[in-house]
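As the structure lists them, so they are numbered: ligands from 1, and atoms in each ligand from 1. Side-chain atoms are counted along with the backbone in the values below, which use heavy atoms only and exclude waters and symmetry mates. Only a predicted model underlies this, so the values are computations on that prediction, with no experimental measurement involved.
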Amino acid sequence: MAKIISGKEVSAFLNQKTADEVKLLNDKGIAVSLAVIIVGDDPASKVYVNNKKKACEKLGIVSFEYALPENTTQQELLDLINELNNRNDVNGILCQLPLPPHLDEESLINAISPEKDVDCFHPVNVGRLYTGTGKLKPCTPAGVMEMLKYYDIDIQGKNCVVIGRSNIVGKPMAALLTAQNGTVTLCHSKTKNLIEHTRKADILVAAVGKPKFVVKDMVKEDAVVIDVGIHRMENGKLCGDVDFDEVESVAGYISPVPGGVGPMTIAELMENTVTAAKIQNQVI
Ligand code: NAD
C-alpha cells in the first residue's frame with residue numbers, strides 16, 4: 001500500500017512559515033497584500049477567488065478584490081492593472097482565469113508588472129524560471145516540489161515523467177524537476193506509446209485533465225505518483241487524473257484528490273505574495 005502524500009499536512013506546514021514571515025515583515029512596518037481581479041460570474045472562479053481571500057485573511061495578508069462585470073472591456077482591465085502596478089500598497093496582482101472570451105488573456109498577463117506577478121505567468125518570470133534566476137514560482141508545480149521535499153523524496157538522477165504540457169502546470173513542472181537534477185520526460189496528447197514512458201517513471205506527475213486517466217498498468221512498482229488533476233464526478237465527489245484506488249496498490253507514494261496538490265497551490269500563492277512584498281521592499 002502506498003504512503004499518502006498529504007497536501008493538507010504540507011500546506012499547513014508551509015502556511016505556518018508564510019504567516020511567520022508576514023508577521024516579521026509587519027513588525028518592520030511592511031504590510032503584505034494581494035489584489036485579485038475576477039471578471040464575470042463563473043461559479044468555479046468565484047469559489048477559487050473566495051478561497052484565496054480566505055487564505056490571505058488566515059495568514060495576515062491584506063486582500064483587495066476587484067469583481068468586475070462580464071462586459072468589462074480590455075481597456076478597463078488594462079487601466080485597472082496599470083493602477084495596481086503603480087500602487088505601493090499592492091504587492092501581488094492576480095487575474096483569475098479563464099477570462100470571458102472577448103478579453104485577450106495574454107496581453108493582460110503581460111501587462112502585470114513581473115514583480116507583482118504572483119501566478120508567475122508573465123514571460124519575464126517564465127524566462128527566469130528556465131534560467132534558474134527567478135524568485136517567484138509557478139504555484140501548482142512549486143506545490144508539487146514542496147510535497148516531494150517534505151517527504152524527503154530524492155529527485156536527483158530519477159526518471160521523472162510529467163503527463164501534460166500546459167503552460168500553467170506541465171511545462172513549468174518539467175522545468176522545476178530538471179532544475180533539481182531529475183531526468184525529465186514531458187509527455188502530451190501526441191506522445192506515442194505513453195505507457196512505455198510512464199512505466200519507467202520513478203516520479204510520475206499527472207496533469208492531463210482527464211479523470212482517472214492513469215491506471216495501475218501505467219505505473220512502475222514503488223513509483224511516486226503525484227496527481228494534479230481535479231474533476232467533479234457525477235456523484236458530486238472529486239477525483240483526480242489518477243485512478244487512486246487502483247494505483248495506490250502499486251505506487252510507493254501517492255497524493256490523493258482532494259487533499260493533495262489542491263491546497264498546495266494556494267499555499268504557494270501566499271508564499272509568492274510574501275516574496276513579492278520582499279522584492280518590492282528590497283528585503284530579499
Ligand atoms: P490542460 O488541459 O491545459 O493540459 C492538459 C495536457 O494534457 C495537455 O498538454 C495535453 O497535451 C495533455 N494530454 C491530453 N490528453 C492526453 C493524452 N491522452 N495523453 C497524454 N497527454 C494528454 O490542463 P492543465 O491546466 O495543465 O490542468 C491539468 C489538470 O490539473 C486539470 O484537471 C486541472 O483541473 C488540474 N489543475 C489543478 C490545479 C490544482 O491546484 N490542483 C491547478 C491547475 C490545474
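Comparing R165, K210, H197 against atom 15 (N) of ligand 1, the shortest heavy-atom distance belongs to K210. Taking only non-hydrogen atoms, the option from V228, T265, V208 nearest to atom 5 (C) of ligand 1 is V208. With atom 20 (C) of ligand 1 as the reference point, the heavy atom nearest to it among M173, H188, H231, R232 is part of H188. In this comparison of S166, G7, A44, G229, the heavy atom closest to atom 24 (P) of ligand 1 sits on S166.
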### Task
Assess whether side-chain contact (heavy atoms from CB on, under 4.5 Å) is satisfied between V49 and L94, documenting all intermediate values.
CA-CA 10 Å; V49 165; L94 179 153; 5.6 Å; no
#### Entry: Check against salt bridge (Lys or Arg N to Asp or Glu O under 4.0 Å), R87 and E83
CA-CA 6 Å; R87 265 174 54 181; E83 178 199 320; 3.7 Å; yes
#### Entry: Check against side-chain contact (heavy atoms from CB on, under 4.5 Å), E105 and L97
CA-CA 8 Å; E105 284 182 2; L97 303 180; 3.7 Å; yes
### Task
Under the side-chain contact (heavy atoms from CB on, under 4.5 Å) rule, what do I155 and M145 come out as? Steps first, then yes or no, please.
CA-CA 10 Å; I155 298 166; M145 298 305 283; 3.7 Å; yes
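In this structure, the protein non-hydrogen atom closest to atom 17 (C) of ligand 1 is F213 CZ, 3.7 Å. Protein heavy atom nearest atom 31 (C) of ligand 1, with residue, atom name and distance: G209 CA, 3.6 Å. Counting only heavy atoms of the protein, atom 42 (C) of ligand 1 lies nearest to T140 OG1, 3.3 Å. At the top of the distance list for atom 10 (C) of ligand 1, counting protein heavy atoms only, stands S189 N, 4.0 Å. Looking only at protein heavy atoms, the nearest one to atom 33 (C) of ligand 1 is I230 N, 4.3 Å.
Residue-ligand proximity, G164 to ligand 1, at heavy-atom distances under 4.0 Å covers atoms 6 (C), 7 (O), 9 (O), 12 (C). Annotation for ligand 1: atoms under 4.0 Å from non-hydrogen atoms of I163 are 20 (C), 21 (N). Residue G262 has at least one heavy-atom neighbour below 4.0 Å for each of these atoms of ligand 1: 41 (N). Listed by number with element, the atoms of ligand 1 under 4.0 Å from a non-hydrogen atom of V169 are 26 (O), 43 (C), 44 (C).
Residue-ligand proximity: G170 is placed with every non-hydrogen atom at 4.0 Å or more from ligand 1.
Atom NZ of K212 sits about 11.0 Å away from atom CG of D227, to the nearest 0.5 Å.
We find that K216 and D243 are not joined by a salt bridge, their nearest charged nitrogen and carboxylate oxygen being 4.0 Å or further apart. Taking a cutoff of 4.0 Å between a charged side-chain nitrogen and a carboxylate oxygen, E57 and K53 do not qualify as a salt bridge. Salt-bridge annotation for K137 and E271: present, with a side-chain N of the basic residue lying under 4.0 Å from a carboxylate O of the acidic one.
Protein heavy atoms are absent from the 4.0 Å sphere centred on atom 2 (O) of ligand 1.
For the residue pair D20 and Q16, a side-chain donor N or O sits within less than 3.5 Å of a side-chain acceptor on the partner.
No option in V247, I195, V242 other than V247 meets the side chain to side chain contact (heavy atoms under 4.5 Å, CB included) test with V219.
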